[in-house]
Amino acid sequence: MTEDIDFEIDPENLPKRLERKPLGPPSVVVDDLHITYRVFGARRGGTTRQRTSLWDKAISLGRPDTGPITEAPAVRGVSFVAHHGESIGILGTNGSGKSTLLRAVAGLLPATSGRVFTSAEPELMGVNAALLPRLTGERNIMIGGLALGLNAKQVRESVPKVAEFAELGDFLYLPMSSYSSGMASRLRFAISTIRTPEILMIDEALATGDASFRKKSTARIEEIREKAGTVFFVSHSLASVRAMCTRALWIEKGELVADGDVDDVADAYNAFVEGRTNASSGAKLR
Ligand SMILES: Nc1ncnc2c1ncn2[C@@H]1O[C@H](COP(=O)(O)OP(=O)(O)OP(=O)(O)O)[C@@H](O)[C@H]1O
Ligand SMILES: [Mg+2]
């Protein structure tokens, strides 16, 4: 077997592998999704064009000329169906379109073309929990809970549970600006799992937590999956993806290059990354 490219996780800290469960009905259907960013004023990369259409002229009316518009395709014709009870890892090198895909499925980015159907409102961890640094952890938990649709009583009840999960200790009563980035991301994770969402999306969020927090988060993800939810998990840590997911999608340059069993896709991706690393170090030597 090939060696995993994973420097940050000690194998003995990894959770037990998730058990496979029979799949439920579809929860997310993505049909030929394209997302193209329009970058104003850029002059390199993508397809650059002058503002010639009536639409372009209309939207730039009265604004200083910011130069040509560059169209940067980030997701190109991705299609897949996710089911209840599945946890799906998303692999791909930097800039391959993973975060863009998650944001589009979560409804935070409009599709340039193609369609996304979801059986419930997906919750993208860390984005929905927009925390306010000047407020205390306690206040942020309350705001986060309200934003997730809890009522005042439920919010009050959730504070001790969330604080305990995030291991805040006395920091609960201090402004978040005094938190380390790891503490802030633990709190974000804890807030986003107050409610058990039907579709949970996690984008690299566990990278800053320490090993024991990762174990706890994995247990929480498993709980969500048990309740027939769907979990999407973007991570550069192949070992975490292998441990937490049953299926993986591999995206490269915005295109879906593999979709299947987590081990098969992770092996193929690992071989690709190692091939690239060897090729680039060979080039340097020459
Ligand atoms: N707001 C934006 N405006 C213009 N281009 C963007 C924007 N966000 C991302 N891109 C571009 O879209 C492509 C995909 O980016 P994305 O962030 O989805 O990649 P990623 O797979 O999440 O990368 P990483 O592993 O580094 O997080 C990249 O080429 C990136 O430069
Ligand atoms: Mg990303």
Side-chain angles (χ1 to χ4, degrees), residues 4-9 28 30 32-49 51 56 59-60 63 66-80 82 87-114 116 122-130 181 184-185 188-189 192 200-209 231-242 244-245 247-259 262 265-266 268-270 272-274 276-277 280:
D4 279 1
I5 14 146
D6 191 332
F7 304 108
E8 58 177 73
I9 292 179
V28 175
V30 173
D32 195 22
L33 181 68
H34 289 256
I35 309 279
T36 299
Y37 290 107
R38 305 176 90 224
V39 187
F40 295 88
R43 278 166 213 285
R44 287 215 275 162
T47 327
T48 303
R49 62 185 174 82
R51 293 169 187 235
D56 288 338
I59 57 169
S60 47
R63 294 206 199 153
T66 48
I69 302 165
T70 300
E71 293 192 335
V75 171
R76 303 192 293 177
V78 169
S79 303
F80 63 88
S87 53
I88 303 179
I90 302 184
L91 301 172
T93 50
N94 288 130
S96 54
K98 304 179 296 295
S99 301
T100 305
L101 176 65
L102 279 201
R103 290 173 60 80
V105 173
L108 301 168
L109 267 181
T112 309
S113 73
V116 175
E123 203 175 298
L124 180 56
M125 232 196 76
V127 172
N128 290 358
S181 62
S185 80
R188 235 178 244 121
F189 182 87
S192 68
L200 175 68
M201 314 181 120
I202 304 166
D203 193 350
E204 291 287 357
L206 305 182
T208 42
V231 180
F232 287 92
F233 181 54
V234 172
S235 177
H236 288 286
S237 159
L238 276 187
S240 311
V241 171
R242 283 183 202 268
M244 309 232 288
C245 305
R247 172 181 168 192
L249 308 178
W250 169 16
I251 294 169
E252 215 44 65
K253 295 191 178 137
E255 287 183 54
L256 187 62
V257 293
D259 173 1
V262 66
V265 177
Y269 175 66
N270 196 36
F272 168 78
V273 175
E274 286 195 339
R276 266 184 18 155
T277 317
S280 65

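Start at 1 and go down the list; that is how both ligands and their atoms are numbered.
Every atom of ligand 1 is numbered from 1 in the order shown, and the set under 4.0 Å from a heavy atom of Ala74 is 12 (O), 13 (C), 14 (C). Each of the atoms 25 (O) of ligand 1 lies under 4.0 Å from some heavy atom of His236. Atoms of ligand 1 found under 4.0 Å from any heavy atom of Thr100 (numbered from 1 in listed order, with element): 14 (C), 15 (O), 16 (P), 18 (O).
Checked against salt bridge (Lys or Arg N to Asp or Glu O under 4.0 Å), Glu255 has the following partners two or more places apart in sequence or in another chain: Arg76. Applying the side chain to side chain contact (heavy atoms under 4.5 Å, CB included) test to Ser113 and every residue at least two apart in sequence or in another chain returns His34.
The nearest protein atom to atom 25 (O) of ligand 1, hydrogens excluded, is given as Lys98 NZ, 2.6 Å; this is a heavy-atom distance. Given atom 27 (O) of ligand 1, the protein heavy atom at minimum distance is Ser99 OG, 4.0 Å. In this structure, atom 1 (N) of ligand 1 lies nearest to the protein heavy atom Tyr37 CE2, 3.8 Å. Here the heavy atom of the protein found nearest to atom 28 (C) of ligand 1 is Gly95 O, 3.6 Å.
Heavy atoms from both the backbone and the side chain of Ser96 come within less than 4.0 Å of ligand 1. Of all the heavy atoms of Val39, the ones lying under 4.0 Å from any atom of ligand 1 belong exclusively to the side chain.
The nearest protein heavy atom to atom 31 (O) of ligand 1 is not closer than 4.0 Å.
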Apply side chain to side chain contact (heavy atoms under 4.5 Å, CB included) to residues Cys245 and Ile88 and explain how you reach the verdict.
CA-CA 5 Å; Cys245 305; Ile88 303 179; 5.9 Å; no
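A side-chain donor-acceptor contact under 3.5 Å links Ser99 and Asp203. Tyr269 and Thr93 share no side-chain donor-acceptor pair at under 3.5 Å.
Under 2.8 Å from the Mg ion (ligand 2) lies an N/O/S atom of Ser99, whether from backbone or side chain.
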